[in-house]
Amino acid sequence: QVQLVESGGGLVQTGGSLRLSCAASGRPLSGYAMAWFRQAPGKEREFVARITWSGGVTYYADSVKGRFTISRDNAKNTMYLQMNSLKPEDTAVYYCATINTIALVTKASRYAYWGQGTQVTVSS
């Protein structure tokens, strides 16, 4: 079992920045990957970015590449998402998730463990 708790969401103006955190607990994450997804009202949950826990290998959705940065602090068991140059279309509930493989997986249904989500709202 893995427990995930997100924090850091809020309201920001277009062009602003936010940093989300995801604290993990419950078991060692060696061999796991962690990811951020987001879901806007009326839309499907969408992959944002992913990082392998041990090697720190990252992958981004095209819609956030160059604006968002995913990272992790192994000592704190915490993953981060630095979001810069935010746009109104980034408005969504952001979720962190983890999966027990380092293979690249962008399909939400493949992820076993999820946080409760944190709201990000970007005003125009």
Side-chain angles (χ1 to χ4, degrees):
Q1 279 284 72
V2 179
Q3 292 79 45
L4 303 173
V5 179
E6 301 101 333
S7 61
L11 173 64
V12 65
Q13 291 186 332
T14 297
S17 299
L18 281 174
R19 189 177 82 154
L20 306 182
S21 300
C22 174
S25 61
R27 62 150 293 145
L29 295 174
S30 176
Y32 278 60
M34 295 187 73
W36 289 99
F37 286 80
R38 65 187 182 185
Q39 189 166 19
K43 294 189 176 181
E44 291 189 355
R45 197 163 293 192
E46 171 190 33
F47 173 83
V48 174
R50 156 278 204 182
I51 188 167
T52 59
W53 192 254
S54 297
V57 178
T58 60
Y59 181 82
Y60 297 91
D62 287 343
S63 58
V64 306
K65 204 173 293 183
R67 300 188 298 123
F68 291 11
T69 302
I70 190 171
S71 62
R72 88 273 186 249
D73 184 329
N74 296 58
K76 296 182 178 180
N77 258 22
T78 301
M79 175 179 66
Y80 303 98
L81 185 68
Q82 178 66 44
M83 304 185 294
N84 298 328
S85 302
L86 282 162
K87 306 174 182 180
E89 51 263 44
D90 295 317
T91 295
V93 177
Y94 283 70
Y95 297 90
C96 64
T98 188
I99 186 170
N100 61 348
T101 178
I102 61 172
L104 176 61
V105 177
T106 61
K107 191 172 177 65
S109 61
R110 293 277 310 276
Y111 284 74
Y113 302 104
W114 292 84
Q116 81 286 356
T118 185
Q119 177 71 46
V120 171
T121 303
V122 184
S123 64
S124 56

Evaluate the criterion side-chain contact (heavy atoms from CB on, under 4.5 Å) for residue pair Gln39 and Tyr95; output intermediate values, then yes/no.
CA-CA 8 Å; Gln39 189 166 19; Tyr95 297 90; 4.2 Å; yes

Residue pair Tyr60, Thr69: steps toward the side-chain contact (heavy atoms from CB on, under 4.5 Å) verdict
CA-CA 8 Å; Tyr60 297 91; Thr69 302; 3.8 Å; yes

Are Phe37 and Tyr111 close enough, and set up right, to give a side-chain contact (heavy atoms from CB on, under 4.5 Å), and what steps lead you there?
CA-CA 10 Å; Phe37 286 80; Tyr111 284 74; 3.6 Å; yes

Intermediate values then yes/no, side-chain contact (heavy atoms from CB on, under 4.5 Å), Thr106 and Arg50
CA-CA 8 Å; Thr106 61; Arg50 156 278 204 182; over 6 Å; no

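When all heavy atoms are compared, the tightest approach of Thr118 to Ser7 is OG1-C, 4.4 Å. When all heavy atoms of Leu11 and Ser123 are compared, the closest pair comes out as CD1-CB, 4.3 Å. Looking at every heavy atom in both residues, Gly9 comes nearest to Leu20 through N-CD2, 3.6 Å. Ile51 approaches Ser71 most closely through the heavy-atom pair CD1-CA, 3.8 Å. Of all non-hydrogen atoms in Trp36 and Ile70, the two that sit nearest each other are CD1-CD1, 3.6 Å. Summarising the geometry of Pro88 relative to Ser124, their closest heavy-atom pair is CG-CB, 3.9 Å, with the distance given to 0.1 Å.
Note that SG of Cys96 is 4.0 Å distant from CD of Glu6, once rounded to the nearest 0.5 Å. Here Tyr94 contributes atom OH and Phe68 contributes atom CZ; the two are 4.0 Å apart, rounded to the nearest 0.5 Å. For the atom pair OG of Ser54 and CZ of Arg72, the computed distance is 7.5 Å after rounding to the nearest 0.5 Å. To the nearest 0.5 Å, atom CG of residue Asn100 and atom CG of residue Leu29 are 10.5 Å apart.
Formation of a donor-acceptor pair under 3.5 Å by the Thr52 side chain with backbone atoms of Val57 is found in this model. Formation of a donor-acceptor pair under 3.5 Å by the Ser21 side chain with backbone atoms of Tyr80 is not found in this model. Distance alone, capped at 3.5 Å, places no donor-acceptor pair between the Gln1 side chain and the Gly26 backbone. Judged purely by atom type and a 3.5 angstrom limit, Asn74 uses its side chain to pair as donor or acceptor with the backbone of Trp53. Arg45 contributes no side-chain N or O that, together with a main-chain N or O of Lys107, makes up a donor-acceptor pair within less than 3.5 Å. Between the side chain of Thr91 and the backbone N or O of Val122, at least one donor-acceptor pair lies under 3.5 Å. No donor-acceptor distance shorter than 3.5 angstrom exists from the side chain of Glu46 to the backbone of Arg38, with no hydrogens or angles considered.
Within a 6.0 Å radius of CD1 in Ile102, other residues, nucleotides and ligands contribute 12 heavy atoms or fewer. For Gln116, the CD atom sits in a packed shell: over 12 heavy atoms of surrounding residues, nucleotides or ligands are nearer than 6.0 Å.
Results of the side chain to side chain contact (heavy atoms under 4.5 Å, CB included) test with Thr98 over Met79, Arg27, Met34 single out Met34 as the only residue that passes.
Counting only heavy atoms from C-beta outward, the side chains of Val12 and Met83 never approach each other to under 4.5 Å.
Lys87 and Asp90 are not joined by a salt bridge, as no carboxylate oxygen comes within less than 4.0 angstrom of a charged side-chain nitrogen.
Not counting sequence neighbours, the partners of Ser17 by the side chain to side chain donor-acceptor pair (under 3.5 Å) test are Asn84.
Hydrophobic cluster membership is shared by Phe47 and Val105, with clusters built from Ile, Leu, Val, Met, Phe, Trp and Tyr side chains linked at under 4.5 angstrom. Under a hydrophobic clustering in which Ile, Leu, Val, Met, Phe, Trp and Tyr are joined whenever their side-chain heavy atoms come within less than 4.5 Å, directly or via other members, Ile99 and Leu81 fall into different clusters.
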